[in-house]
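All remarks here apply to the structure that follows.
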Amino acid sequence: MVCPPGLEEVVAAELATLGVRRTRTEKGGVTCRLTTRQLYAANMFLRCATRVLVRAATFTVRTFADLQRRLGEVDWSEWLDGTTRPAFRVTTRRSMLWHDAAVAERFEAALPGHAVDGPEQLIVVRAVKDRFVVSIDSSGAPLHQRGWRLDQAKAPLRESVAAGLLVASGWDPTTSFVDPMCGSGTIAIEAAMMAAGRAPGAGRSFRFQDWSGFQPGTWASVTTEASTSVTGAPAIVAADRDAGAVESAQSNAERAGVAEMIQFRQAPISALEPFPSDDAPGHMVTNPPWGGRVSPGGDLRNLYATLGRVGNEKLPGWGLGLLVADRDLARQVRPGLTESLHLELGGRRAWLLTGRFA
Ligand SMILES: C[S@@+](CC[C@H](N)C(=O)[O-])C[C@H]1O[C@@H](n2cnc3c(N)ncnc32)[C@H](O)[C@@H]1O
């Protein structure tokens with residue numbers, strides 16, 4: 001399982017709900033054993049993973065002749081039947097065979113015939129200290145590309161990261177939710193999908209469906225499970241001061257089929273409305289501007305302090321998940337928040353800080 005660095009534990013917990021135990025964790029990935037059904041289900045149900053790779057071969061080689069010999073021994077027929085177009089992603093570290101492009105060439109030559117214009121079949125090759133691990137991608141388009149996020153406001157989050165923030169901040173999907181700085185709406189839309197019990201992979205296709213060993217009956221039973229939905233949706237609010245952002249959030253939600261579950265508001269954080277008083281405390285998960293990409297030189301201290309003040313006033317007792325790049329700045333919202341996730345997003349370090357409004 002490949003995932004954004006920092007979400008490994010969240011993905012391992014998601015796997016556990018599919019009845020799968022991980023065998024290993026490394027930065028940006030979780031390793032486990034899967035049955036065919038679990039492989040299909042992982043693609044369909046994991047909200048926080050990027051792709052599911054299947055290990056095809058492992059071997060230690062130090063020469064191209066040995067590499068060619070080992071590649072000739074692998075039975076590729078379960079995955080490659082000549083209708084797809086293999087594409088190689090090779091990374092080598094501290095290995096005798098260090099020339100990634102030359103390694104990819106040997107793979108290309110060794111694999112069975114392939115279609116020039118067929119769908120791309122990604123093959124991931126990693127070598128560390130001469131130990132090669134060859135994996136076949138079962139997902140196709142990355143799993144975070146759910147197909148609905150075509151409108152982007154500034155600095156959008158990946159859908160998988162938004163889902164990870166919701167899970168790691170401890171939001172109970174039966175309770176109210178607000179993102180007061182929603183941008184293109186990614187967090188609120190993922191919240192609505194979770195509240196509705198909608199599988200993130202519903203309605204899309206996956207690369208494993210092109211494999212010669214594809215099992216249509218097993219896949220049909222997974223897709224049937226994905227179409228069960230939950231009733232009694234909680235209140236979900238997505239707000240932003242920027243009219244364009246709210247518009248893009250709304251169009252994205254419509255494409256995702258959850259627009260009716262979300263109230264959209266164009267409002268600054270200072271005008272955050274309280275939720276109905278009979279509502280049990282809900283959750284706010286938000287990704288305020290970090291400076292740099294979104295608000296160069298803006299007065300972020302003020303914005304963060306306002307978020308804290310308004311949250312305490314209007315949403316006392318509510319849970320909070322705050323994605324920030326500057327933990328000092330986050331103290332303006334509330335001191336003593338817990339560091340629940342440490343992520344790397346777009347080359348920047350970021351933290352999910354969690355807590356509760358007073
Ligand atoms: C980093 S972006 C959020 C991106 C979003 N999570 C997504 O995936 O698209 C921060 C958002 O905060 C909004 N914002 C900045 N200051 C605000 C304020 N005072 N009140 C409400 N929204 C504000 C910006 O318009 C921007 O859309």
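Counting starts at 1 for both ligands and their atoms, following the listed order. Start at 1 with the first residue, then count along the sequence.
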Inset, instruction - Please determine which of E344, E8, E9 meets the salt bridge (charged side-chain N to carboxylate O under 4.0 Å, His left out) test together with K27. - result: E344
Legend entry - Ligand-side contact atoms (ligand 1) for residue partner P156, heavy atom cut-off under 4.0 Å: 7 (C), 8 (O), 9 (O)
Inset, instruction - Verify whether one side chain among T83 and D210 offers a donor that lies under 3.5 Å from an acceptor in the other. - result: no
Inset, instruction - Below 4.0 angstrom from a heavy atom of T186, which ligand 1 atoms are there? Numbered from 1 as shown, please. - result: 7 (C), 8 (O), 9 (O)
Inset, instruction - Look only at interatomic distance and state if R149 has a nitrogen or oxygen under 3.5 Å from any nitrogen or oxygen of ligand 1. - result: no
Legend entry - D137 and R207 ion-paired at < 4.0 Å: no
Inset, instruction - For a side-chain contact (heavy atoms from CB on, under 4.5 Å) with M1, tell me which candidate from T50, T31, L34, L53 qualifies. - result: L34
Inset, instruction - Scan side-chain atoms only and decide if R55 and T58 contain a donor-acceptor pair under the 3.5 Å cut-off. - result: no
Inset, instruction - Could you list which atoms of ligand 1 come closer than 4.0 Å to a heavy atom of P180? - result: 21 (C), 22 (N)
Inset, instruction - State if C182 counts as touching ligand 1 under the rule of any non-hydrogen atom under 4.0 Å. - result: yes
Legend entry - Enumerated ligand 1 atoms positioned under 4.0 Å from heavy atoms of S184: 7 (C), 8 (O), 9 (O)
Legend entry - Proximity flag A267 to ligand 1, non-hydrogen atoms under 4.0 Å: yes
Inset, instruction - From the options D242, D240, N252, select the one whose nearest heavy atom is closest to atom 24 (C) of ligand 1. - result: D240
Legend entry - Under 3.5 Å: N/O of L157 near N/O of ligand 1: yes
Inset, instruction - Could you tell me whether I269 and ligand 1 have an N or O pair separated by under 3.5 Å? - result: yes
Inset, instruction - List every atom of ligand 1 that sits less than 4.0 Å from any heavy atom of G183, numbering the atoms from 1 in the order shown and giving each element. - result: 9 (O), 27 (O)
Legend entry - Residues R265, E273: salt bridge by 4.0 Å N-O rule: no
Inset, instruction - May I ask you to identify, for D179, whether its side chain, its backbone, both or neither come under 4.0 Å of ligand 1 on a heavy-atom basis? - result: neither
Legend entry - Option set E159, E190, M181, R265, criterion heavy-atom distance to atom 12 (O) of ligand 1, minimum: M181
Legend entry - Atom indices of ligand 1 within 4.0 angstrom of N287 heavy atoms, with elements: 1 (C), 2 (S), 3 (C), 4 (C), 5 (C), 6 (N), 10 (C)
Inset, instruction - Using the rule that two of Ile, Leu, Val, Met, Phe, Trp, Tyr join whenever any of their side-chain heavy atoms come within less than 4.5 Å, decide whether Y40 and V2 are in one cluster. - result: no
Inset, instruction - Indicate the ring-plane relationship of F206 and F208, choosing parallel, tilted or perpendicular according to the 30° and 60° boundaries. - result: parallel
Inset, instruction - Return yes if a side-chain donor-acceptor contact under 3.5 Å exists between T23 and R33, otherwise no. - result: no
